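Data block below; observations after.
Because the structure is a prediction, the values reported are computed rather than measured. Each chain gets a letter, A, B and so on, in the order its sequence line appears, and its residues count up from 1.
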Amino acid sequence: MKEELAPSKNIRVRFAPSPTGWLHMGGVRTALINYLFAKNQKGVFVLRVEDTDLDRSNDTYLKAQLGDLQWLGFKWDEGPHPVTLEDQGSYGPYRQSQRLSLYQGYAQELIQSDKAYYCFLTDKEIEVMKERALKNKEPFRVESPYRNKSLEEAKERIKRGESAVVRFKVPKVKKNYVLKDIVRGEVCFPVDMVGDFILLRSSGLPVYNFSCAIDDYSMKISHVFRSEEHLANTLRQMMIFEAFGWPLPRYGHLSLILGEDRKKLSKRHGSVSCGEYKKQGYLPAALLNFLALMGWNPKTEQEIFSFSELVDSFSLQGLNPSPGVFDKKKLDWINGKHLKQMKVEDFLEKLKPFFRKEGLEFPQNPIWWEKAILNLKDTFSSLHEAVNVFRFLSDSFFEVHDTAREVLLWPSTSSVLGAWEGFLNSYPQEEITPEAFSQACKDIQKRTEVKGKLLFMPIRTAVLGRPQGIELKAVIPLISRKVLLKRVSILQKQQSHLTS
RNA sequence: GUUCCCUUCGUCUAGCGGUUAGGACAUCACCCUUUCACGGUGAAGACACGGGUUCGAUUCCCGUAGGGAACGCCA
């Protein structure tokens, strides 16, 4: 049964990425749920860096992840500054690599109280044990012969230069550990589910389960939301908390995000990093909206949420234990909805970096922009799509698309183009109004006796370079007469080339 | 293999003993549109199976099946 949470002060949650790669969508969802809970409860959101794997962690990844988190709109109350990496908050340092002496001290405490021991098993010896277990179809668990050796003996070996890890002495007395999970209710683990796991590596660096437990305690973390794959780790961490006699934080294990093949979302499913979605033109608010709706339900029929609406409506009861498949189509839809709700100036702001990247140039005139975005905004479902549409408005861009070929071969096309050119030449202003354009179409139709798609497709091709696409009435006022003339003449040249 | 988790339309989900099983994405049709899209209307589409408990199970319990995850000196 799910347990109701008593309202509690001092809510402190954390998101604890490890800087060994780019920020992953699963990570974003974990961060989001933690954040929503913290902020909904007026609690503290801590960002802790789990960089005890020195070989794989680096500052490039760390900065990229913090940057992405910031881009998404997360603000952490405590943790490293996104640019300088300088710690902010009174429970620091927030990078585990800077807390090593803390872990070593606690490890000593466990060793002294006989709850942990030095183990001298080599990789090779463990490998042999594993193979034997596999052969006998037994579950593999490390059974260290050093578990019951005296501390004096161990110290003697270390003095001689042997390298040792510190293993936790998993208690053999208790039968089961019961976790009261916020999203799954009671989860029961048998003690022998895990063997004596490593606390400290031979290098003296802590392993995830140890540093995580120590830090959740010492940073006074009240609630931990993390993905379901950590369930077995939680058992280990519960044991560590028990060994120290510390009160356990509340845990909530979030359902996994799956790819279309129902396997854990990973690189082979395509885009999984936050940065890729950013690059593709998704809005941060849309990404968060989409992710929030996987595994969480607002209990209303609302589907489109701003970040702050998400914070306001969040509740633990909406959390769902079953895994969910990442549906990009739905993301696209949500993104489109967010795009349509955007103010013109915000929209332009989001679009600018994409224009820069594509090398597109546009009039500086703000009135032009206002009109352009207003006319076209509702047809986009992503910024990427928007850029592709705006491309047609750029003075410097005109390309005759392959699909125009057929149109150019129609016998009536040449007279339509001629009439269109004639209209442009005689039009007294640079900016053509939608009304003038409609009238022009009627005139051309009357003069050439061509109508329907035979009329409109050549004109659209003369404007956009292709017979299909954006509505002409919306787009004509945004392109100057001069540019339109240039485009017709290019097309006419191609046409005569093609037909001769 | 062992342990743990999960199971309502193709997908995300509502449902917390009595419902015509609700919504959304996607799909299809129609409307709007002198194209594409947007938008609008509508259609089709689900309780994995077998036992209990109960007057009554999608809902509670137990099995079975299926799927997933974890079993590192990764996190």
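- Between A/Phe347 and A/Phe380, the ring-plane angle classifies as parallel under the 30° and 60° cut-offs.
- At B/U34, none of the side-chain N or O atoms of A/Arg460 fall inside 4.0 Å of OP1 or OP2 (strictly under the cut-off).
- Applying the 6.0 Å contact sphere to CD of A/Glu162 captures more than 12 heavy atoms from other residues, nucleotides or ligands.
- In this structure, A/Ile126 reaches neither bases nor backbone, as no heavy-atom distance under 4.0 Å exists between it and the strands shown.
- Closest to the side chain of A/Glu50, from the set B/G23, B/A75, B/A24, is B/A75.
- Between A/His269 and A/Phe326, the ring centre distance reaches or exceeds 6.0 Å.
- Note on A/Ser202: a base of the nucleic acid sits closer than 4.0 angstrom, heavy atoms only.
- If you check every strand for non-hydrogen atoms under 4.0 Å, A/Gln445 touches a base.
- Side-chain rings of A/Phe290 and A/His338 stay apart, their centers remaining 6.0 Å or farther from each other.
- For the pair A/Arg141 and A/Glu143, the salt-bridge criterion is not met [side-chain N within less than 4.0 Å of a carboxylate O].
- To the nearest whole angstrom, the two P atoms, one in B/A44 and one in B/A29, are 15 Å apart.
- Whole-Å rounding puts the A/Leu254 CG to B/A75 P distance at 21 Å.
- Of the side-chain N and O atoms in A/Lys130, none sit less than 4.0 angstrom from OP1 or OP2 of B/C71.
- Side-chain contact, A/His253 with A/Ser227: no donor N or O sits under 3.5 Å from an acceptor N or O.
- In the set B/U13, B/U35, B/C4, B/U35 carries the atom at the smallest distance from any side-chain atom of A/Glu471.
- Candidate nucleotides B/C6, B/A69, B/G39 were compared by shortest atom distance to the side chain of A/Pro323, and B/C6 ranks first.
- A/Val165 comes within contact range of at least one nucleobase, with a heavy-atom separation under 4.0 Å.
- Residue contacts shown for A/Asp123 include a base, since a base heavy atom lies under 4.0 Å away.
- Heavy atoms of A/His253 sit nowhere under 4.0 angstrom from any nucleic acid atom.
- Note on A/Gly324: only backbone sugar-phosphate atoms sit closer than 4.0 angstrom, heavy atoms only; bases stay farther off.
- Per the geometry, CG belonging to A/Asp181 stands 14 Å off C1' belonging to B/A69, to the nearest Å.
- A distance of about 13 Å separates the P atoms of B/A37 and B/C30, rounded to the whole Å.
- Using a 4.0 Å heavy-atom criterion, one finds that A/Cys188 contacts the sugar-phosphate atoms exclusively.
- Between A/Tyr35 and A/Phe225, the gap from one ring centroid to the other reaches at least 6.0 Å.
- Of the side-chain N and O atoms in A/Thr52, one or more sit less than 4.0 angstrom from OP1 or OP2 of B/A75.
- Between B/G10 and B/A46, the distance separating the two C1' atoms is 10 Å to the nearest Å.
- Using a 4.0 Å heavy-atom cutoff across all strands shown, A/Gly295 reaches sugar-phosphate atoms only and no base atom.
- Between A/Lys453 and B/U35 there is no side-chain polar atom (N or O) within less than 4.0 angstrom of OP1 or OP2.
- Across all strands shown, A/Phe140 has heavy atoms under 4.0 Å from sugar-phosphate atoms exclusively, and none from any base.
- Distance from the side chain of A/Asp378 is smallest to B/C38 among B/A70, B/C38, B/U3.
- A search for ring pair (Phe, Tyr, Trp, His ring centres under 6.0 Å) contacts involving A/Phe120 returns A/Tyr146, not counting sequence neighbours.
- In this structure, A/Lys451 reaches neither bases nor backbone, as no heavy-atom distance under 4.0 Å exists between it and the strands shown.
- Looking at heavy-atom distances under 4.0 Å, A/Thr379 makes contact with a base.
- In this structure, B/G1 forms a base pair with B/C71, meeting either the Watson-Crick or the G-U wobble geometry with both donor-acceptor distances under 3.5 Å.
- A parallel orientation is assigned to the rings of A/Phe74 and A/Phe45, their planes being inclined by less than 30° (bins at 30° and 60°).
- Remark: A/Leu23 CG to A/Cys274 SG distance equals 5.0 Å, nearest 0.5 Å.
- Among the protein residues, A/Glu260 comes within range of no part of the nucleic acid, since none of its heavy atoms lies under 4.0 Å from any strand.
- Using a 4.0 Å heavy-atom distance criterion, A/Glu229 is classed as a sugar-phosphate-only contact.
- Distances shorter than 4.0 Å separate none of the side-chain N or O atoms of A/Lys263 from OP1 or OP2 on B/A69.
- Where A/Ser255 and A/Val187 each meet RNA chain B at their nearest nucleotide, the meeting point lying more 5' is that of A/Val187.
- Separating the CD1 atom of A/Ile304 from the P atom of B/G23 is a distance of 17 Å, rounded to the nearest angstrom.
- In this structure, CZ of A/Phe189 is placed 13 Å from P of B/C71, rounded to the nearest angstrom.
- Residues of residues 28-36 of chain A that place a heavy atom closer than 4.0 Å to RNA chain B do not occur.
- The base of B/A24 is paired with the side chain of A/Lys330 by a donor and an acceptor separated by under 3.5 Å.
- Counting distance only, with no hydrogens placed and no angle test, the side-chain atoms of A/Ser203 and the base atoms of B/C73 include no donor-acceptor pair under 3.5 Å.
- On a pure distance criterion of 3.5 Å, no polar donor-acceptor pair joins the side chain of A/Asn233 and the base of B/A70.
- Atom name C1', nucleotides B/C47 and B/A57: the rounded distance is 11 Å, in whole Å.
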